[in-house]
Amino acid sequence: MQVRTVFYFLIALSVFVIQPADAQFSVGINAGVNRLKLSGDPAKGVGRFQPDPGFSTALRVDYRFSDAIALSFQPGFSHLRSKYQIMNDSGTSLLDSTLLRLNSFSLPLQVVAWSQNGRFFITAGMQFDYTLSLKGETVESTLSDQYEVRDFYLFAQFGAGFIVPLGKPY
């Protein structure tokens with residue numbers, strides 16, 4: 001139900017934000033693979049968190065103020081996965097594990113500065129994440145099924161990139 005709500009929100013956002021007559025807006029979709037390694041209070045020397053691949057997708061809406069500066073808004077959904085593994089006393093074999101699945105909704109807002117040739121860029125901004133759900137599936141019944149994560153996360157983002165054209169630019 002919550003995934004459907006996020007999907008409808010992204011569609012509504014694109015309808016209200018995008019104006020076809022304004023050439024400074026650009027719209028796209030981001031999709032990718034992610035990895036999550038949780039941290040917390042495992043028993044020392046017994047348990048460990050192991051990252052697992054997940055996926056993320058987002059609607060990308062950019063507004064270019066000029067050839068050099070753009071504002072990028074990328075609301076999206078992430079399905080994050082991680083394992084909590086219990087090792088034997090010597091740490092040589094796996095006794096039990098729990099697969100943790102975390103769904104979250106993100107609202108990043110970034111400023112993008114482009115180089116003069118339009119291929120190199122740097123970006124900086126903030127991202128607000130909201131946890132939609134957390135589910136833990138145990139392999140054996142010895143582990144607890146009670147897990148706690150924060151509902152809200154706030155991130156600062158910094159990055160740089162270079163666009164390599166693979167064909168015709170448009």
Side-chain angles (χ1 to χ4, degrees), residues 1-40 49-84 98-115 118-137 145-170:
M1 179 67 180
Q2 292 176 346
V3 174
R4 191 179 296 168
T5 304
V6 170
F7 179 72
Y8 290 137
F9 174 75
L10 294 175
I11 290 174
L13 181 68
S14 67
V15 169
F16 292 116
V17 171
I18 302 163
Q19 300 172 3
D22 194 347
Q24 299 217 18
F25 275 104
S26 63
V27 178
I29 296 174
N30 292 345
V33 178
N34 58 34
R35 286 174 37 111
L36 170 70
K37 183 170 182 182
L38 296 172
S39 63
F49 289 101
Q50 184 70 28
D52 257 4
F55 72 90
S56 61
T57 184
L59 173 69
R60 181 179 178 127
V61 179
D62 290 355
Y63 180 77
R64 282 195 118 157
F65 294 99
S66 66
D67 288 341
I69 301 292
L71 187 64
S72 181
F73 181 61
Q74 303 170 28
F77 172 80
S78 294
H79 178 73
L80 306 166
R81 297 165 33 121
S82 187
K83 285 182 186 172
Y84 179 68
T98 300
L99 176 61
L100 301 169
R101 294 180 178 158
L102 178 76
N103 295 318
S104 66
F105 178 68
S106 61
L107 293 170
L109 183 62
Q110 302 170 345
V111 175
V112 183
W114 294 89
S115 67
R119 291 191 181 169
F120 179 76
F121 64 91
I122 57 172
T123 182
M126 300 295 288
Q127 177 173 328
F128 173 78
D129 278 10
Y130 176 72
T131 303
L132 298 173
S133 66
L134 172 68
K135 183 179 180 184
E137 296 176 8
D145 60 351
Q146 298 296 319
Y147 305 98
E148 294 181 23
V149 295
R150 294 182 185 151
D151 287 337
F152 301 100
Y153 295 92
L154 186 61
F155 302 98
Q157 296 179 333
F158 305 96
F162 189 79
I163 296 175
V164 178
L166 299 176
K168 292 184 180 181
Y170 297 103

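Nothing here was measured: the structure is a model prediction, and the numbers come from that model. Below, each value reflects all heavy atoms present in this structure, side chains not excepted, and no hydrogens, waters or symmetry copies.
At a threshold of 4.5 Å between non-hydrogen side-chain atoms, the residues Trp114 and Ile163 count as touching. Using a 4.5 Å heavy-atom cutoff, the side chains of Ile122 and Phe158 are not in contact.
Shortest non-hydrogen contact noted between Phe77 and Asn103 is CZ-OD1, 3.6 Å. In terms of heavy atoms, Arg81 sits closest to Gly54 at CD-CA, 4.3 Å. Shortest non-hydrogen contact noted between Gly161 and Phe120 is O-CD1, 3.2 Å. The minimum heavy-atom distance between Pro75 and Phe105, with the atom names listed, is CB-CZ, 4.3 Å. Considering all non-hydrogen atoms of both residues, Ser56 and Asn34 come closest at CB-ND2, 3.6 Å.
In this structure, CG on Leu102 lies 8.5 Å from CG on Leu132, to the nearest 0.5 angstrom. Interatomic distance, Phe152 CZ to Asp129 CG, rounded to the nearest 0.5 Å: 11.0 Å. With values rounded to the nearest 0.5 angstrom, Leu100 atom CG is found 6.0 Å from Leu134 atom CG. Taken from OG1 in Thr57 to CD in Gln74, the straight-line distance is 11.0 Å, to the nearest 0.5 Å.
Listed by chain and residue number, Arg60, Ser72 satisfy the side chain to side chain donor-acceptor pair (under 3.5 Å) test with Asp62 (two or more places apart in sequence, or in another chain). In terms of the side chain to side chain contact (heavy atoms under 4.5 Å, CB included) criterion, residue partners of Arg119 (sequence neighbours excluded) are, by chain and number, Asn117, Phe162, Pro165.
Between the side chain of Ser82 and the main chain of Asp52, no donor-acceptor pair closer than 3.5 Å is present. Using a distance-only test at 3.5 Å, with no hydrogens or angles considered, no donor-acceptor pair links the side chain of Ser78 to the main chain of Leu80.
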### Query
Stepwise, does the side chain to side chain contact (heavy atoms under 4.5 Å, CB included) test hold for Thr131 with Tyr153?
CA-CA 8 Å; Thr131 303; Tyr153 295 92; 3.6 Å; yes
### Task
Walk me through it: do Asp151 and Tyr130 pass the test side chain to side chain contact (heavy atoms under 4.5 Å, CB included)?
CA-CA 6 Å; Asp151 287 337; Tyr130 176 72; 4.2 Å; yes
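Residue pairs meeting the salt bridge (charged side-chain N to carboxylate O under 4.0 Å, His left out) criterion with at least one partner in residues 99-108, sequence neighbours excluded, are Arg101-Glu137.
In this structure, Leu71 places its CG atom where more than 12 heavy-atom neighbours from other residues, nucleotides or ligands lie under 6.0 Å away.
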